[in-house]
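Convention: sequence-line order gives letters A, B, ...; per-chain numbering from 1.
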Amino acid sequence: MRIINHIPTRPTAVLLAALPFVAVLVAYAIGSEIRLAENPADKLLPAPAQIGATALRLFTEGDRRTGEILLWKDTWASLMRLLFGVGIAATVSLVLGMAIGLVPYVRRLMSGFVAVVSMVPPLALLPILFIVFGLGEVSKVVLIVIGITPIMTRDLAQRVLDIPKEQIVKAQTLGASSWVIVARVALPQVLPRLIANIRLSLGSAWLFLIAAEAVASDVGLGYRIFLVRRYLAMDVILTYVLWITALAFVIDWALKTISRRAFPWLEAGL
Amino acid sequence: MSFVSVRDVWQAYDGRSILERVNVEVEEGEFISIVGASGCGKSTFLRMLLAEEVPVRGAISIDGGAPAVEPGRERGVVFQRYSVFPHMTVRENIIAAEGFAKPSGWLFGSARKAARNRADAMLVRIGLNHVADQYPASLSGGMQQRLAIGQALTAKPRVLLLDEPFGALDPGTRLQMHDFLTELRAETGMTVFMVTHDLAEGFKLGDRVLVFDKVRWDPMDPGLHGATITYDFDARDGGVPFQHILDRYPSLAPEPVGKA
């Protein structure tokens with residue numbers, strides 16, 4: 001039988017899904033064991049138990065000076081930046097994408113411009129943003145917005161253009177004005193795509209967020225990772241990386257669930 | 001003046017003629033089938049009737065009105081596919097035919113309740129009341145087309161345009177749809193234009209069958225000339241013409257024998 005026709009049974013599938021995770025953990029544990037056996041003071045690959053202890057400390061114990069738990073403070077600061085950045089990007093790209101997709105004049109005006117802007121490497125603009133907006137919150141949020149808006153806009157505009165012409169004409173024969181076509185034909189069909197878009201863009205958004213925090217900040221998950229790098233505190237870095245991964249996963253899962261609940265018609269044909 | 005009047009209509013894309021000198025007059029309540037080879041401008045003609053396209057020359061008017069420049073409520077349409085809104089339930093699709101004309105696109109309060117009752121009556125009429133709360137994607141092709149026709153009729157258009165409405169259906173469903181359409185027409189007396197590939201279907205349903213073809217043909221440049229209406233068949237009475245000519249011209253009747 002061809003390899004493409006071998007389909008794993010349910011237990012095998014679960015086992016296969018778990019395998020890469022287990023493999024990485026085992027490989028890390030072995031590597032850490034070897035290094036620590038040679039030099040108990042080694043800092044590069046801390047033992048899993050030590051990471052656990054560090055994580056517990058980071059999540060529960062306050063800073064010696066201020067009493068604040070830094071990890072939660074960092075998380076809050078980073079999530080706020082992410083929320084504002086992605087929120088603004090989603091709003092702008094939705095409005096622009098709909099206008100480009102539905103209004104021929106706006107399409108002629110904007111689609112070339114958006115295509116060129118989306119080619120500008122956002123991180124190269126970071127120094128400009130720091131100069132223009134200062135080192136505060138605004139520059140970080142703006143970096144996220146500039147980084148993901150053009151691509152989201154292009155995709156949403158394309159998605160609006162993909163709505164069959166027949167539907168738009170049909171709506172007109174039912175007496176719909178341009179506004180009604182936006183609100184009742186295009187928007188409901190583009191919203192699921194907007195959520196899918198946000199899910200795809202979140203990876204880039206995290207990248208821009210951590211880059212901006214690493215360069216100039218005084219609080220935030222990315223800032224903390226780059227700060228403790230100086231002390232080779234791998235246990236702290238790894239805890240933060242795992243925490244960021246968990247946050248990103250939960251956000252993605254939440255968006256997926258919202259999309260499924262809110263748009264039952266998407267699955268009607270399946 | 002006739003109900004739908006097509007006067008000397010030309011259509012060309014990028015200087016290439018598609019249709020030339022199309023003239024046709026249609027009375028209210030007539031069912032017009034439009035047939036012809038692929039690429040001879042049938043669908044272009046329908047799009048112009050729909051006012052989705054404006055002819056480069058000539059004019060199409062309904063009931064003596066000014067030629068339309070964009071699709072509107074007086075022309076209803078059913079396409080081969082994508083004629084219903086996938087994100088609305090079956091009932092919502094029917095209600096939308098009334099709500100879309102409102103400035104906000106929605107109906108509220110008692111108006112919505114009344115529209116909902118009318119929608120349910122329409123659903124019973126088109127045999128879809130048992131799937132009122134489902135989404136169109138879960139319906140069969142024939143049911144989707146029935147919904148599309150019901151939706152178009154709810155807007156009460158002056159003219160109904162059908163663009164190969166049964167082209168994607170299997171033969172059995174297609175026959176059911178013929179009966180359905182014939183019944184609906186008997187009830188509403190609507191003026192219908194239907195583009196079809198199926199000659200038998202065209203003659204079965206239509207009162208008149210218009211054939212589109214090219215009358216001029218340049219062998220050096222086949223795309224030079226456009227098509228026009230080459231035949232205008234009377235398809236009533238099973239396609240046998242002049243069955244009722246005596247009603248119009250009683251003087252043609254033979255003199256009864258023995259009276260002279």
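Contacts of Q134(B) with chain A are absent, with no heavy-atom separation under 4.5 Å from either backbone or side chain. For L161(B), no part lies under 4.5 angstrom from a heavy atom of chain A. Only the side chain of F79(B) comes within contact range of chain A, with heavy atoms under 4.5 Å apart. Heavy-atom distances place both the backbone and the side chain of A148(B) under 4.5 Å from chain A.
A distance of 10.5 Å separates CZ in F263(A) from OH in Y135(B), rounded to the nearest 0.5 Å. Summarising the geometry, atom CD belonging to Q167(A) is positioned 7.0 Å from atom NE2 belonging to H87(B); distances are rounded to the nearest 0.5 Å. The distance from atom CD of E70(B) to atom OG1 of T173(A), rounded to the nearest 0.5 Å, is 12.0 Å. In this structure, CZ on R81(B) lies 8.5 Å from CD on E166(A), to the nearest 0.5 angstrom.
Residue Y13(B) qualifies as enclosed at atom OH: its count of foreign heavy atoms under 6.0 Å is above 12. Enclosure of atom CG in L16(A) by more than 12 non-hydrogen atoms of other residues, nucleotides or ligands within 6.0 angstrom is indicated. Counted within 6.0 Å of CG on N5(A), heavy atoms from surrounding residues, nucleotides or ligands total more than 12; the atom is thus considered enclosed. Counted within 6.0 Å of CZ on F180(B), heavy atoms from surrounding residues, nucleotides or ligands total more than 12; the atom is thus considered enclosed.
A heavy-atom distance below 4.5 Å is found between the side chains of R184(A) and M88(B).
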*For T89(B) and W265(A), run side-chain contact (heavy atoms from CB on, under 4.5 Å): C-alpha distance rounded to whole Å, both residues' side-chain angles, the deciding distance at 0.1 Å, then the answer.*
CA-CA 8 Å; T89(B) 63; W265(A) 54 273; over 6 Å; no

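Although no hydrogens or angles enter the test, the distance criterion places no donor-acceptor pair under 3.5 Å between the side chain of K170(A) and the main chain of V78(B).
Ranked by heavy-atom pairs under 4.5 Å with chain A, the first of P86(B), S83(B), P157(B), A97(B) is P86(B).
The minimum heavy-atom distance between L174(A) and R73(B), with the atom names listed, is O-NH1, 2.7 Å.
Heavy-atom neighbours of chain A within the stretch residues 98-110 of chain B, taken at a separation under 4.5 angstrom, comprise F100(B), A101(B), K102(B), P103(B), S104(B), G105(B), W106(B).
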